Every structure is written in C-alpha cells, then in structure tokens.
Amino acid sequence: MESTDEFKEMFWNRHSNPKSGWSRTLILPVLLYAVYQRRWRVAVATVIFTVVNPVLFSPPVNDEAWMTRVVLAEQWWTTEHGQPVFELSYPNILNVLNIPATGYAFFAAYRRRPRATVLAGAASMVLKLWYVAALVRRYDAEKRWYREHLDSHRSDIRRVGPVEILGR
C-alpha cells in the first residue's frame with residue numbers, strides 16, 4: 001500500500017511541473033491533426049506521450065506557476081474534496097459538456113471537415129481551460145484562507161507536493 005501511495009505522490013509531484021501541463025495542451029490539436037490527415041503513427045506517438053507525460057518532468061521548485069496550480073487543484077479537488085470529475089454541478093459540468101465537443105471534433109476530423117474540426121476542438125479546449133481555471137480559483141482561495149487563519153496551527157499542516165495543505 002505504501003508503494004502505491006509513494007507512486008501517487010511521485011506522479012502528482014512530477015505532473016505538477018508546468019512543462020507537463022502546458023505540453024499536454026497540445027495533445028488534442030495533434031490528435032485531431034493525426035485523425036484528419038490519417039497519420040496514425042502521429043496518433044500513436046501522441047497517445048504514448050500522453051501516458052508518459054505526467055512522469056517525464058521533475059517536480060517544480062514551487063507552486064507559483066499557474067499550470068502547477070492547475071495540477072495541484074485537480075489533485076486537491078478529486079482527492080481532498082472527493083469530487084468526481086464528471087458531474088452536473090459547476091465546475092464539473094464543464095467536463096460533461098466537453099465530452100460531446102471533443103467527440104464531435106474527432107468526428108469532424110475523421111470526416112475531414114476542417115472548420116468543424118477547428119471549432120469543436122477549440123470549444124473543447126476552452127471548456128477544459130475554463131474548468132481548470134475554476135478549480136485554481138477555488139484552490140487558491142482555500143489555500144489563502146488556510147494561510148490567513150491557521151498560521152497559529154503550523155503543527156497541523158503537512159506537505160503535499162510543493163504546497164501546504166491542512167492535515168486531516
């Protein structure tokens with residue numbers, strides 16, 4: 001069990017490197033290109049990159065980069081808050097809406113409809129960035145609250161990656 005927890009910790013720490021997050025933003029456009037152009041090797045290489053990307057980079061030095069906070073907010077939202085990724089409440093509804101947008105983008109790419117591919121792909125990316133921006137706002141607000149109100153309880157705080165979160 002400890003090795004699983006250690007792997008999860010290592011995964012999230014390395015994945016929170018901004019290079020990991022920003023390079024992942026290119027995955028959907030590259031996959032849509034690969035489908036549109038029937039470049040299956042590009043598609044396979046992109047899927048492989050998607051799988052290994054979270055552990056390619058070293059952990060960040062701090063959590064100042066927005067993309068670092070995106071990953072930490074996703075971890076916080078799904079683990080600390082136990083929130084599902086797909087749900088009809090805000091901001092999870094944005095992920096639900098992203099499913100048909102992404103699906104249609106791939107359909108349009110396969111049918112070689114350039115305008116529809118670009119528009120649906122862009123809609124998918126906007127929804128994803130909107131979702132993670134909402135998570136970062138909530139994450140930053142809670143982190144700020146802990147720092148302002150719990151300075152006197154420093155012994156109750158533990159390290160999670162490069163961020164301090166109240167121990168539970």
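Treat the numbers as computed from the prediction; the structure is a model and nothing was measured.
Residues Val85 and Val132 fall within the same hydrophobic cluster, defined by Ile, Leu, Val, Met, Phe, Trp and Tyr side chains chained together at heavy-atom separations under 4.5 Å. Hydrophobic cluster membership differs between Val44 and Tyr33, with clusters built from Ile, Leu, Val, Met, Phe, Trp and Tyr side chains linked at under 4.5 angstrom. In terms of hydrophobic clustering, with Ile, Leu, Val, Met, Phe, Trp and Tyr side chains grouped at heavy-atom distances under 4.5 Å, Leu56 and Val47 are assigned to a common cluster. Hydrophobic clustering, with ILVMFWY side chains joined whenever heavy atoms are under 4.5 angstrom apart, keeps Ile99 apart from Tyr104. Follow the hydrophobic side-chain contacts under 4.5 Å out from Ile27 and you never reach Leu94; the two are in separate clusters.
Atom OH of Tyr139 and atom CG of Leu72 lie 4.0 Å apart (nearest 0.5 Å). With rounding to the nearest 0.5 angstrom, the CG atom of Asn53 is 13.0 Å from the CD1 atom of Ile48. Taking CE of Met10 as the reference point, atom OG of Ser3 lies at 11.0 Å (rounded to 0.5 Å). Between the CH2 atom in Trp40 and the CD atom in Gln37 there is a gap of 10.5 Å [rounded to 0.5 Å]. Residue Trp12 holds its CH2 atom at 5.0 Å from OG1 of Thr78, rounded to the nearest 0.5 Å. Between Leu97 atom CG and Asn92 atom CG the span is 11.0 Å, to the nearest 0.5 Å.
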Open item on the list: Test salt bridge (charged side-chain N to carboxylate O under 4.0 Å, His left out) on Lys143 and Glu80; report intermediate values, then the result.
Closed with: CA-CA 12 Å; Lys143 193 170 113 178; Glu80 294 287 322; over 6 Å; no

Task: Worked check of side-chain contact (heavy atoms from CB on, under 4.5 Å) between Arg24 and His15 - done: CA-CA 10 Å; Arg24 288 177 69 87; His15 186 37; 3.4 Å; yes

TODO: Would you sort out whether Leu129 and Val70 count as a side-chain contact (heavy atoms from CB on, under 4.5 Å), showing the intermediate values?
DONE: CA-CA 9 Å; Leu129 291 172; Val70 163; over 6 Å; no

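Within a 6.0 Å radius of CZ in Phe11, more than 12 heavy atoms belonging to other residues, nucleotides or ligands are found. Counting non-hydrogen atoms of neighbouring residues, nucleotides and ligands closer than 6.0 angstrom, the CH2 atom of Trp66 exceeds 12 such neighbours.
Between Ser16 and Asp63, the closest side-chain pair of non-hydrogen atoms is not below 4.5 Å. With contacts defined as side-chain heavy-atom distances shorter than 4.5 Å, the pair Lys8/Gln75 does not qualify.
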Side-chain donor/acceptor pairs under 3.5 Å, residues 112-127, sequence neighbours excluded:
from   : atom 1 : to     : atom 2 : distance (Å)
Arg112 : NE     : Tyr36  : O      : 2.8
Arg112 : NH2    : Tyr36  : O      : 3.4
Thr117 : OG1    : Ala108 : O      : 3.3
Thr117 : OG1    : Ala109 : N      : 3.0
Thr117 : OG1    : Arg113 : O      : 2.8
Ser124 : OG     : Asn98  : OD1    : 2.6
Ser124 : OG     : Thr102 : OG1    : 2.6

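Between Trp77 and His81, the ring planes are parallel. Angles under 30° get that label, and only those over 60° would be called perpendicular.
Panel note: side chain Arg14, backbone Phe57; a donor-acceptor pair is recorded below 3.5 Å. With hydrogens and angles disregarded, a donor-acceptor distance shorter than 3.5 Å links the side chain of Asn17 to the backbone of Ser58.
When all heavy atoms of Arg138 and Tyr90 are compared, the pair lying nearest together is NH2-O, 3.4 Å. Summarising the geometry of Thr46 relative to Val42, their closest heavy-atom pair is OG1-O, 2.7 Å, with the distance given to 0.1 Å. Shown here for Thr68 and Asn62, the closest heavy-atom pair between the two residues is CG2-O, 3.8 Å. Across all non-hydrogen atoms, the minimal contact from Glu64 to Arg69 is O-NH1, 2.9 Å.
For the pair Arg111 and Phe106, the cation does not sit on the ring face, since its NZ or CZ is not both under 6.0 Å from the ring centre and inside 45° of the axis.
Residue Leu32 is tested with Leu28, Val30, Val35 for a side-chain contact (heavy atoms from CB on, under 4.5 Å); the sole match is Leu28.
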